[in-house]
Amino acid sequence: KKRRRHQILRRSSVPPVVEFWGEELPVCGCVTMVCTIIFFVSSMWAIVFSKFLPFHDDFPYLKAVKDDVYYCFLFPLSVVWFVIFIYFNWFSMKIFRHN
């Protein structure tokens with residue numbers, strides 16, 4: 001009985017995510033980290049640092065970002081709620097499938 005249990009544990013020791021992605025899993029992790037860093041830096045620039053820069057009459061986009069007080073907060077806060085919504089959607093599907 002112990003031998004069979006040990007065989008079952010050994011056979012299922014590899015997580016299914018690693019079996020699905022294989023060698024591409026570290027690459028996906030690095031891409032996720034790079035995208036997260038880019039999003040964080042651009043959000044902080046739009047929310048905080050652009051307010052301290054001088055006016056740019058040559059670039060209307062930079063002037064619009066500097067004068068903005070609504071949309072610079074809307075996008076980062078919407079992303080947080082979007083991720084929460086995706087998680088609860090995934091969790092609901094797991095509960096539905098395993099019931």
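Just so it is clear, the structure is predicted and the values come from calculations on it, not from any experiment. Values reported hereafter were calculated over all heavy atoms of this structure, with side chains retained and with hydrogens, waters and symmetry mates removed.
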Sequence neighbours excluded and cut-off under 3.5 Å, please list the side-chain donor-acceptor pairs for residues 75-83, or say none.
residue, atom, partner, partner atom, Å
Ser78, OG, Leu74, O, 2.7

Ignoring hydrogens and angles, write down the donor-acceptor pairs under 3.5 Å from the side chains of residues 28-41, residues two or more places apart or on other chains.
residue, atom, partner, partner atom, Å
Thr32, OG1, Cys28, O, 2.8
Thr36, OG1, Thr32, O, 2.7

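Looking at residues two or more places apart in sequence or on another chain, you find no ring-ring contact (aromatic ring centres under 6.0 Å, His included) involving Phe52. In this view, Trp90 and Tyr87 satisfy the ring-ring contact (aromatic ring centres under 6.0 Å, His included) rule, not counting sequence neighbours. Partners of Phe49 according to the ring-ring contact (aromatic ring centres under 6.0 Å, His included) rule, which considers only residues two or more places apart in sequence or in another chain, do not exist here.
Clustering of Ile, Leu, Val, Met, Phe, Trp and Tyr by side-chain heavy atoms under 4.5 Å joins Met93 with none of the others.
Residues Phe91 and Ile86 are members of separate hydrophobic clusters, defined by side-chain heavy-atom contacts under 4.5 angstrom among Ile, Leu, Val, Met, Phe, Trp and Tyr.
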